[in-house]
Colleague: 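Provided herewith is a single structure, encoded as structure tokens, for subsequent inquiry.
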Amino acid sequence: PFFQEEKAPWWQPEWELRLLGDRVEQDGLPEPRFTRGDARLRLRWTLAWEWGRVSLGSRHAAGTDGNVHNSARYDQEPSTGSHLDAARLDLFKDTEHTSTEVRLGLQENALLSQESLWDKDLVFLGASLRAGFRREEAGLLELGVRGEGGRVRSLPAGDVDFVAFQ
């Protein structure tokens, strides 16, 4: 089948470490000039079966500013602290002509978008759906639909609800 993917291992840990440095010179901030350093660690654990997978993840950060400058810079990522970053159940079904995936829980944005539209570190609590269709004999080479909706909980101004399709 066209949509057949390589089988994932039954248990897969992942991690990402980012070291960041900022030197900011901007009028209008509580301190117009400051320098800070950050270390950010993301951990993920995924259990996979033929019918779906369960993913859990955490995010840990240590920064020299202790979150003091985040709100003024519209920075939704705490520079210091730890929190749950992902807790989701993925269910999928593939056939020769179709592919369907449903995600439930705390998850990343699954839409095709660039960082200027959606910061990859924003997660939401909700549901998403991906469906793909292919039938060459009918002239349909590939058709895909994606949709998701939920609540983004990590913005400084509070919770934001959204629904999006593409």
Side-chain angles (χ1 to χ4, degrees), residues 1-20 38-63 67 70 74-156 158-166:
F2 176 76
F3 292 110
Q4 192 67 31
E5 290 187 20
E6 183 178 313
K7 291 203 183 261
W10 72 274
W11 182 72
Q12 182 174 354
E14 297 176 45
W15 63 277
E16 174 186 338
L17 175 65
R18 288 190 290 168
L19 303 175
L20 306 167
D38 291 315
R40 299 175 184 176
L41 175 65
R42 295 178 92 172
L43 302 172
R44 290 284 164 95
W45 300 271
T46 302
L47 296 171
W49 298 273
E50 288 185 25
W51 51 267
R53 66 185 156 252
V54 173
S55 298
L56 291 173
S58 59
R59 183 189 173 283
H60 312 274
N67 301 327
N70 291 6
Y74 301 104
D75 187 356
Q76 78 282 348
E77 280 189 90
S79 53
T80 300
S82 294
H83 65 268
L84 187 64
D85 192 40
R88 73 173 201 257
L89 170 65
D90 301 350
L91 304 169
F92 42 81
K93 175 73 174 159
D94 296 328
T95 68
E96 184 177 352
H97 298 291
T98 64
S99 174
T100 306
E101 180 178 352
V102 176
R103 287 184 174 181
L104 304 169
L106 187 62
Q107 58 189 289
E108 307 89 1
N109 178 6
L111 300 180
L112 303 173
S113 62
Q114 58 193 11
E115 278 197 42
S116 62
L117 179 63
W118 184 281
D119 188 322
K120 75 177 192 115
D121 294 308
L122 286 175
V123 296
F124 69 94
L125 183 60
S128 65
L129 168 71
R130 277 191 331 183
F133 310 94
R134 179 180 176 88
R135 188 170 295 267
E136 289 185 42
E137 59 272 12
L140 183 60
L141 297 180
E142 187 174 342
L143 171 66
V145 177
R146 296 171 187 243
E148 57 188 31
R151 175 167 283 187
V152 179
R153 300 180 309 144
S154 56
L155 295 173
D159 297 336
V160 175
D161 295 330
F162 78 101
V163 175
F165 293 97
Q166 63 180 186

Colleague: Could you check if a side-chain atom of L106 sits within less than 4.5 angstrom of a side-chain atom of D85, using non-hydrogen atoms only?
Modeller: no

Colleague: Measure across T80 and G63 and return the closest heavy-atom pair with its distance rounded to 0.1 Å.
Modeller: OG1-N, 3.1 Å

Colleague: Give, for atom CZ of F133 and atom OG1 of T100, the distance between the pair rounded to the nearest 0.5 Å.
Modeller: 6.0 Å

Colleague: Using side-chain hydrogen bond (donor to acceptor under 3.5 Å, both in side chains) as the criterion, list what pairs up with R135, not counting sequence neighbours.
Modeller: E137

Colleague: Is the shortest side-chain N to carboxylate O distance from E101 to R103 below 4.0 Å?
Modeller: yes

Colleague: Does a side-chain heavy-atom distance below 4.5 Å link R88 with R53?
Modeller: yes

Colleague: I need the minimum non-hydrogen distance between G126 and Q107, along with the two atoms involved.
Modeller: O-NE2, 3.0 Å

Colleague: Just jot down the ring-ring contact (aromatic ring centres under 6.0 Å, His included) partners of W51, sequence neighbours excluded, or say none.
Modeller: W49

Colleague: Looking at residues at least two apart in the chain, or sitting in another chain, which of them share a side-chain hydrogen bond (donor to acceptor under 3.5 Å, both in side chains) with E16?
Modeller: R18

Colleague: Would you compute the distance between atom CG of D90 and atom OG of S128 and round it to the nearest 0.5 angstrom?
Modeller: 7.5 Å

Colleague: Run the side-chain contact (heavy atoms from CB on, under 4.5 Å) test on L141 and E136 for me, step by step, so that the C-alpha distance in whole Å, both residues' side-chain angles and the decisive distance to 0.1 Å come before the verdict.
Modeller: CA-CA 5 Å; L141 297 180; E136 289 185 42; 3.9 Å; yes

Colleague: Check R146 against A110 and note the closest heavy-atom contact, atom names and distance.
Modeller: NH1-O, 2.6 Å

Colleague: Which residue in the set R59, E14, H60 passes side-chain contact (heavy atoms from CB on, under 4.5 Å) when paired with L43?
Modeller: H60

Colleague: Would you compute the distance between atom CG of D161 and atom CG of L125 and round it to the nearest 0.5 angstrom?
Modeller: 10.0 Å

Colleague: Minimum heavy-atom separation for L84 to G57, with atom names?
Modeller: CD1-O, 3.2 Å

Colleague: State whether the side chain of R42 and the backbone N or O of W15 hold a donor-acceptor pair below 3.5 Å, judged by distance alone.
Modeller: no

Colleague: Do you know which two heavy atoms are closest between L19 and A39, and how far apart they sit?
Modeller: CD2-CB, 3.7 Å

Colleague: Write down the atom of E108, the atom of F124, and the distance for their closest heavy-atom approach.
Modeller: O-CE2, 3.6 Å

